[in-house]
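Notes for the one structure printed next.
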Amino acid sequence: MLQGVSGTYPAVSAACPCRTPVRHWGKKEVKMGKRGRACVVVLGDLGRSPRMQYHALSLARQASLDVDIVAYGGSEPHSAVIENECIHIHTMIQWQKYSHSLPKILYPLMLLLKPIIQLVILLWFLCFKVPPPDAFIVQNPPSVPTLVAVKWASSLRKSAFIVDWHNFGYTLLGLSVGRSSPFVSIYHWFEKHYGQMANGSLCVTRAMQHELAQNWGIRATVLYDQPPEFFCPTSLQEKHKLFSRLNRYLCHPLGVRDCVTATTTGIGADDQNETLFTTLVDTDILLKPNRPALVVSSTSWTPDEDFGILLEAAVMYDRRVAALLDENDSADEGVLWKEISGGKQYLYPRLLFIITGSADLGVCLHTSSSGLDLPMKVVDMFGCGLPVCAVSYSCIDELVKVEKNGLLFSLSSELADELLMLFRGFPNECDALKSLKNGALETGSSARWAAEWEEHAKPLISEVISRNLN
C-alpha cells in the first residue's frame, strides 16, 4: 500500500555565538569594527533547501557570523534555523505561475518576463533590504537570474561571491524543453560565464569538481552532504508514538483488501496500545514479529525521479512472493490476512511503502539531470541508520557503497529482486538487511555536516572573505 505522510524531526535550538567583533578564520585573525555577516541566497523554497539551511547554521554557529537568508517562502525551515538569533530570514515575493488559459503566443513573452522580474526583486533585496555582507553564498541551480543578480550585488556592495554547485541548471532545463533547445544553450552560457566570476566555489561530488575544472575553468572545493545532528535512529518509544499518531491513516487505506485494513487487523484508529508495528504490554513497548517491513522513499516529484520503477517493483515483489508460497491471484486474501492478524509469521513479510518517515529500508529513485550530483535524501537516510536501494548512475558510488550500506539497481525487476533478497526471513532472519543497516549506521555516524563544513567549507570561505577584505 502506498501512503503519503510527512516525517517529523526533533527540534534543535542553539544560542547565538556571534557577539564578538573579532573573527578567527582558521589560523588568521581578522579584526573588524563590526560583526561579520554573510548572506545566503536561495531562489526557491527555503524549507525545501536543507543544504542551504545547514550552511546558514554553520555560518552562525561555527563561523560566528550574523546570517541573512534571502529566499522564497512556502515550506517551514527547520526549527534550528528559525530559533537561531543570528539568522535573519528575508522572504521574497514569489513569481506567480501564469495561467494556462493564456494564448500560446504569449508563452515566450512570459518566459522572458519571469527572469527579468525575478532579477529586479533579487537585486532589491540583495542591494537594499539586507545589510552589507562580507560574502554572498548562492545556491545553484537555478542559475538565471540568480548568478547574475548575486554577482551584480556583490560588486556593488564590495562583497565576496561564492557559488555552491548542487547541480547544473542547464541540464535541468533540458529535461523540460529538450537538450537541443536554444534556451538551453543560452542558459548554459549564463551559468558558465557568471559561475566563472565567483570568488570561490563549492560542489557536491568529485565528479562535479572534475567537470567544473576540465570544462568550465572553475576550481571548486568538494563539500559532501552529510546529515546534521538532528538526523539519528528513532527510539522504540518514538516509533510507537509515531505509528500511534498514524493509525488513523494506516487503518483506513484506499484499498479494499490489503495488509492494513482495520477490519482484518483489529486495530482501531485511535488505539494507543497497538499499532501495525508495535504493541504496548504493561509498560514495555515491543516490535511485533509479524509486522510489515516498512520501505520509505522521499521525492521532489521532478523529471529525474521515476516513481514508476518503485511501483512496478512492488507489483513484481507481490507476484514473486505469491509464486514462492504456491499462492495464486485467485486465492482468498481474507484468509491470509486473518492468519497474519492472528500472529502467524511468513517467510516473506508484507511491505508497506510510505513516502518519507522512519523505516526498515530506504529507496532512492534520483538519477540526476547532469549525472554529477548526489541525492541528499540518501544522506539523511544514512544519518538515521537506514540502508538504501538506489538507482544506479555515474557518481552514485561516491555515496552508496554496494553491499556495505546499500544496493544499486537500474530496472524495476532488479529492485524487486533486491526486495526479495533483503526481506527473506524478516524481521529476525534477514542477515543481508541487518548487515546493510550496520553499514548505514557506520556511514551516518562517521561524518556529520558540522565536521565536513569545518574541514572543507570554512577554510574556503575564510580565504575568500579575507582576500576580498584586503
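Below, each value reflects all heavy atoms present in this structure, side chains not excepted, and no hydrogens, waters or symmetry copies.
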> For Leu122 and Thr146, which heavy atoms make the closest approach, and how far apart are they?
Replying inline: CD1-CA, 4.0 Å

>> With a 6.0 Å cut-off (strictly less than), is the heavy-atom count around CD of Gln196, excluding the residue itself, greater than 12?
In response: yes

> For the side chain of Ser235 and the backbone of Glu238, is there at least one donor-acceptor N/O pair under 3.5 Å apart?
Replying inline: yes

> Do you know which two heavy atoms are closest between His193 and Met197, and how far apart they sit?
Replying inline: NE2-CE, 3.0 Å

>> Can a side-chain donor-acceptor contact be found between Asp373 and His366 if the only test is distance below 3.5 angstrom?
In response: yes

> So does Arg320 have more than 12 non-hydrogen atoms from other groups sitting under 6.0 Å from CZ?
Replying inline: yes

> Strictly by modelled atom types, are Gln226 and Tyr54 linked by a side-chain donor-acceptor pair under 3.5 Å?
Replying inline: no

> Is there a donor-acceptor contact under 3.5 Å from the side chain of Ser154 to the main chain of Lys151?
Replying inline: yes

> Are Arg467 and Glu463 within salt-bridge range, i.e. N to O under 4.0 Å?
Replying inline: yes

>> Just checking Phe277 against Phe243, ring centres under 6.0 Å apart?
In response: yes

> So Phe128 and Trp124, would you call those rings parallel, tilted or perpendicular, with 30° and 60° as cut-offs?
Replying inline: tilted

>> Between Asp164 and His55, is there a side-chain donor-acceptor contact under 3.5 Å, judged purely by atom types and distance?
In response: yes

> How close do Ser143 and Glu191 get, heavy atom to heavy atom, and via which atoms?
Replying inline: OG-OE2, 2.9 Å

> So Trp216 and His188, would you call those rings parallel, tilted or perpendicular, with 30° and 60° as cut-offs?
Replying inline: tilted

>> Check the orientation of Phe168 and Trp165. Use parallel for under 30°, tilted for 30 to 60°, and perpendicular for over 60°.
In response: perpendicular

>> Is there a side chain to side chain contact (heavy atoms under 4.5 Å, CB included) between Leu399 and Val379? Walk through the geometry before answering.
In response: CA-CA 8 Å; Leu399 179 61; Val379 174; 4.1 Å; yes

> Shortest non-hydrogen contact from Cys364 to Lys377?
Replying inline: SG-CD, 3.9 Å

>> Check whether Ser159 reaches the backbone of Pro133 with its side chain - one donor and one acceptor, N or O, closer than 3.5 Å.
In response: yes

> Nearest 0.5 Å, what's the OG-CG distance between Ser370 and Leu172?
Replying inline: 7.5 Å

> Is there a donor-acceptor contact under 3.5 Å linking the side chains of Ser369 and Thr171?
Replying inline: yes

> Is there a donor-acceptor pair closer than 3.5 Å between any side-chain N or O of Asn470 and the backbone N or O of Ser466?
Replying inline: yes

> Is the shortest side-chain N to carboxylate O distance from Glu229 to Arg61 below 4.0 Å?
Replying inline: yes

